[in-house]
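Just so it is clear, the values below take in all heavy atoms, side chains as well, and ignore hydrogens, waters and symmetry mates.
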Number of protein chains: 2
Amino acid sequence: MLRVREDAIVTAVNRLLAEKGYDLMTVDEVAAEVGIAKASLYKHFSSKEALAGAAMIRVLDRALAHTDGLERDATLTPLARLHATARWTMQVQLAGEMPSLPAQNSALRTALSANRDYLDRLFALSDRLGAWIEAAQDSGALDATLPAEVVLYTLFARACDPVLGVLKAGGQHTDEQIIDWVLRSCFRGLEARPPG
Amino acid sequence: MLRVREDAIVTAVNRLLAEKGYDLMTVDEVAAEVGIAKASLYKHFSSKEALAGAAMIRVLDRALAHTDGLERDATLTPLARLHATARWTMQVQLAGEMPSLPAQNSALRTALSANRDYLDRLFALSDRLGAWIEAAQDSGALDATLPAEVVLYTLFARACDPVLGVLKAGGQHTDEQIIDWVLRSCFRGLEARPPG
DNA sequence: GTCTATAAGAGGATAGAC
DNA sequence: GTCTATCCTCTTATAGAC
């Protein structure tokens with residue numbers, strides 16, 4: 001029962017973080033969406049920061065599970081795995097399931113940097129992507145003149161790229177069309193490629 | 001005198017928006033930084049949203065002035081002008097002078113979409129960049145399979161790309177080195193280019 | 001136009017009964 | 001563990017004297 005209730009809370013937090021972001025999400029809203037009193041919510045999570053941490057842990061676990069599947073598929077190149085991962089993050093974002101945290105909120109960052117369960121997963125995902133990035137650079141598929149950390153941060157940033165939401169809000173294109181464009185602009189750039 | 005005082009207010013708002021973002025910036029902080037009482041501030045600007053609008057107008061005017069210079073330089077190709085514009089926005093961001101507004105705050109977006117002075121400048125800049133984008137696509141310099149709006153939104157998004165701040169926070173690289181990497185990843189992509 | 005003082009309300013967190 | 005009721009702080013905005 002406790003696990004089910006906490007899952008419902010994290011689901012609500014995840015959705016609200018994706019919809020309004022951390023600063024505009026209120027604990028009252030979370031409680032209302034779950035259908036419990038705010039005081040009950042605080043019996044499960046000690047603070048608003050802890051709620052955000054739980055949502056981030058859930059999405060990181062989903063990402064790690066997805067990369068597990070990619071790692072097991074031996075037919076994929078490292079570049080193909082990175083492509084697939086970026087595509088997955090964009091699908092999650094367009095589905096309204098990507099919690100977005102402000103980079104500027106220092107109280108939140110302090111709390112997250114003390115959250116071991118969150119950090120473990122963040123490092124695990126970074127390690128896995130970092131290995132793929134270096135392999136892709138060694139094979140000549142990724143630009144080896146870019147530091148691996150630049151590529152890694154860029155992929156994380158594209159997971160919450162506002163361009164996706166703006167294009168979706170325009171209402172002129174399908175989700176898959178939007179993802180194709182943003183994915184292509186990320187990996188192949190805005191400039192034209194020489195033919196061939 | 002009034003103009004000087006309001007300039008000082010906008011400068012403070014601009015800096016605080018760049019540092020903490022809209023939601024975490026308080027009107028008390030703005031007043032304290034200018035060195036006046038909060039009530040005096042409200043004699044100049046009617047709301048927090050109006051303050052944000054004034055800061056956006058200032059940075060858009062700076063951008064328009066910069067693009068004026070690029071337009072006048074007849075030796076530049078459209079692609080070179082877009083490069084220079086993106087580089088300029090990244091320099092502004094790393095200098096701590098790029099106000100960043102949350103895409104999710106609907107009260108703010110409502111106020112901005114009723115701010116004619118802001119919209120005029122946003123459209124003027126979009127039109128100028130849009131013309132360069134189409135010219136660069138026609139000449140084969142930019143990927144013509146990407147809709148011009150996708151390119152435009154991507155350039156606006158890179159102006160507040162969090163990757164810049166994360167790399168700067170690492171403290172390992174100079175601003176110019178960081179800008180070179182992010183600019184290259186934007187225009188030429190993460191993938192390696194075929195030699196030649 | 002500047003100030004001090006304060007209204008009005010939102011929001012995070014807790015007390016204490018059941 | 002759930003509830004109602006409440007505390008307390010922060011924040012936007014305004015009143016009213018000078």
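- Contacts of Thr26(B) with the nucleic acid, taken as non-hydrogen atoms under 4.0 Å apart, involve only primed sugar atoms and P, OP1 or OP2.
- Nucleic acid contact class of Met1(A) (heavy atoms, under 4.0 Å, all strands): none.
- When each of dA13(D), dT2(C), dA13(C) is scored by its nearest atom to the side-chain atoms of Arg5(B), the top-ranked nucleotide is dT2(C).
- The interatomic distance linking Leu41(A) (CG) with dG1(D) (C1') rounds to 12 Å, in whole Å.
- dG1(D) atom P lies 11 Å from atom CD1 of Ile9(A), rounded to whole Å.
- Atom CG in Leu16(A) sits about 16 Å away from atom C1' in dG12(C), given to the nearest Å.
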Does the side-chain hydrogen bond (donor to acceptor under 3.5 Å, both in side chains) test come out yes or no for Thr26(A) and Asp28(A), once each step is laid out? CA-CA 5 Å; Thr26(A) 70; Asp28(A) 292 83; 4.6 Å; no
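- Set against dG12(C), dT12(D), dC3(D), the side chain of Tyr42(A) has dG12(C) as its closest nucleotide.
- Between His66(B) and Trp88(B), the ring-plane angle classifies as parallel under the 30° and 60° cut-offs.
- Not one side-chain nitrogen or oxygen of Ser40(A) sits closer than 4.0 Å to the OP1 or OP2 atom of dG1(D).
- Each of Val27(A) and Lys43(A) was assigned the nucleotide of DNA chain C with the nearest heavy atom; the assignment lying further toward the 5' end belongs to Val27(A).
- Listed for the Arg121(B) side chain is no donor-acceptor partner under 3.5 Å among the backbone atoms of Asp61(B).
- Rounded to an integer number of Å, the gap from Leu24(A) CG to dG11(C) C1' is 12 Å.
- Considering only the side chain of Asp28(A), dG11(C) comes nearest among dT12(D), dC3(C), dG11(C).
- With rounding to whole Å, Lys38(B) atom NZ is found 12 Å from dA8(C) atom C1'.
- Note: CZ (Phe45(A)) to C1' (dG12(C)) measures 16 Å, nearest angstrom.
- Closest approach to the Ala39(B) side chain among dT11(D), dT2(C), dT14(D) is made by dT14(D) (side chain taken as heavy atoms from C-beta onward).
- The CG-C1' distance, from Asp23(B) to dG11(C), rounds to 14 Å in whole Å.
- By the 4.0 Å N-to-carboxylate-O rule, Arg15(B) lies too far from Glu97(B) to be salt-bridged with it.
- Nearest to the side chain of His44(A), among dG12(C), dT2(D), dT2(C), sits dT2(D).
- Among the atoms of the strands shown, only primed sugar atoms or phosphate atoms (P, OP1, OP2) are found under 4.0 Å from some heavy atom of Lys48(A).
- Rounded to an integer number of Å, the gap from CD1 of Ile36(B) to C1' of dC3(C) is 11 Å.
- A salt bridge links Glu176(A) with Arg87(A): the distance from a Lys NZ or Arg NE/NH1/NH2 to an Asp or Glu carboxylate oxygen falls below 4.0 Å.
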